[in-house]
Amino acid sequence: MITSAEARLGKPMAVVAAIGTVATFAIWVGLIGVGNSGYDETWGPLNDCLSLLQGFGFVFTIALGMKLFGADDKPYFRVVSQIALVGAAIATLNSLSPTANANSVFETTLNPSEVLAVSNVNQIGFFVVVGLWTLTVLRANGDGLVPSWGVMAGRGAGWLILVSQAASLFGLFPANLFAPLFILGGVILWPIFVIGISRAFGAKV
């Protein structure tokens with residue numbers, strides 16, 4: 001059972017997670033450039049700081065969402081949420097590493113781009129879990145706390161994230177098809193879904 005204080009905290013944290021997702025993608029596409037897979041000295045620090053905030057918000061959204069949707073009575077939802085929580089926590093802890101490496105006062109073994117690559121090594125697995133978590137939230141939404149537009153966005157986001165990651169893993173789709181699928185699912189529909197979770201928290205305040 002979620003408390004009013006937990007719901008009040010979960011509501012803005014879900015918004016932070018949603019806005020952070022859009023903001024980091026906008027920086028990557030608009031400022032860093034999708035062709036740049038390495039660390040960008042100009043915009044990297046801003047992107048890393050926003051990634052920290054996004055991850056922080058997502059950790060709270062998952063953790064408090066388990067109480068919001070009654071994970072104690074839903075074992076599949078509880079376990080998937082726990083896996084997603086671990087992944088989000090690791091991503092959050094790694095988010096500042098490239099910038100910290102670039103500005104380290106000590107001699108470093110890896111350069112910032114290599115640190116960025118290492119930080120993202122679990123990314124595809126994390127995205128798969130996020131897609132699964134999204135769909136399990138909808139299964140756990142028996143009380144209808146997530147508004148209908150959030151449910152529709154979540155259903156589309158969950159499946160598109162899973163399909164795009166499977167396509168990437170097995171090389172089934174060309175890049176010009178993979179990118180739109182991932183953007184629609186992960187950058188448009190998923191943040192809308194998380195805003196829906198924020199509204200669900202608001203119903204318990």
Side-chain angles (χ1 to χ4, degrees), residues 9-65 83-103 110-134 137 150 153-154 156-158 160-165 167-168 175 178-198:
L9 179 59
K11 183 178 180 180
M13 284 297 182
V15 173
V16 168
I19 293 176
T21 300
V22 177
T24 53
F25 181 80
I27 291 174
W28 179 50
V29 172
L31 299 176
I32 295 176
V34 294
N36 181 11
S37 60
Y39 179 76
D40 186 273
E41 293 184 359
T42 302
W43 299 108
L46 175 60
N47 192 57
D48 286 355
C49 289
L50 286 174
S51 294
L52 175 68
L53 292 175
Q54 175 201 10
F56 198 72
F58 191 32
V59 166
F60 274 84
T61 301
I62 299 170
L64 296 176
I83 297 171
L85 183 62
V86 171
I90 292 173
T92 302
L93 295 175
N94 288 339
S95 59
L96 298 179
S97 297
T99 296
N101 175 273
N103 297 318
L110 304 176
N111 63 49
S113 293
E114 290 170 333
V115 170
L116 178 62
V118 171
S119 298
N120 291 333
V121 72
N122 295 321
Q123 191 175 67
I124 186 168
F126 179 56
F127 285 157
V128 168
V129 171
V130 168
L132 289 174
W133 176 80
T134 300
V137 168
L160 283 174
I161 291 171
L162 290 175
V163 168
S164 64
Q165 294 310 305
S168 174
F178 169 80
L181 277 177
F182 180 76
I183 292 170
L184 177 60
V187 185
I188 298 174
L189 294 178
W190 192 81
I192 294 173
F193 162 69
V194 177
I195 293 294
I197 295 180
S198 176

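Values below: all heavy atoms of this structure, side chains included; hydrogens, waters and symmetry mates excluded. This is a predicted model, so every value here is computed, not measured.
Atom OG1 of T61 and atom CD1 of I197 lie 6.5 Å apart (nearest 0.5 Å). Taken to the nearest 0.5 Å, the OG1 atom of T24 stands 12.0 Å off from the CG atom of L52. Distance check, rounded to the nearest 0.5 Å: CD1 of I124 to OG of S164 gives 8.5 Å. With rounding to the nearest 0.5 angstrom, the OG1 atom of T21 is 12.5 Å from the CD1 atom of I188. One distance of note links CG of L116 with OG1 of T99; it measures 9.0 Å at 0.5 Å rounding. The structure places OG of S95 at 12.5 Å from CD1 of I90, a figure rounded to the nearest 0.5 Å.
Considering all non-hydrogen atoms of both residues, I161 and F127 come closest at CG2-O, 3.3 Å. Between F126 and G87, the closest heavy-atom pair is CE1-C, 3.5 Å. Of all non-hydrogen atoms in W190 and A17, the two that sit nearest each other are CZ3-O, 4.3 Å. When all heavy atoms of P98 and P112 are compared, the closest pair comes out as O-CB, 3.8 Å. V15 approaches S198 most closely through the heavy-atom pair CG2-OG, 3.4 Å. Among all heavy-atom pairs drawn from N111 and N101, the shortest one is C-OD1, 3.3 Å.
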Please assess T92 against F58 for the test side-chain contact (heavy atoms from CB on, under 4.5 Å), listing each intermediate value before the final yes or no.
CA-CA 9 Å; T92 302; F58 191 32; over 6 Å; no
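The closest side-chain heavy-atom distance from L9 to F60 is below 4.5 Å. M13 is listed as a side-chain neighbour of F56, based on a closest heavy-atom distance under 4.5 Å.
A donor-acceptor contact shorter than 3.5 Å is absent between the side chain of D40 and the backbone of I32. No donor-acceptor pair under 3.5 Å is formed between the side chain of Q165 and the backbone N or O of L162. Checked by atom type and distance alone, the side chain of T134 pairs as donor or acceptor with a backbone atom of V130 at under 3.5 Å. Judged by distance alone, the side chain of N47 and the main-chain N or O of W28 form no donor-acceptor pair under 3.5 Å.
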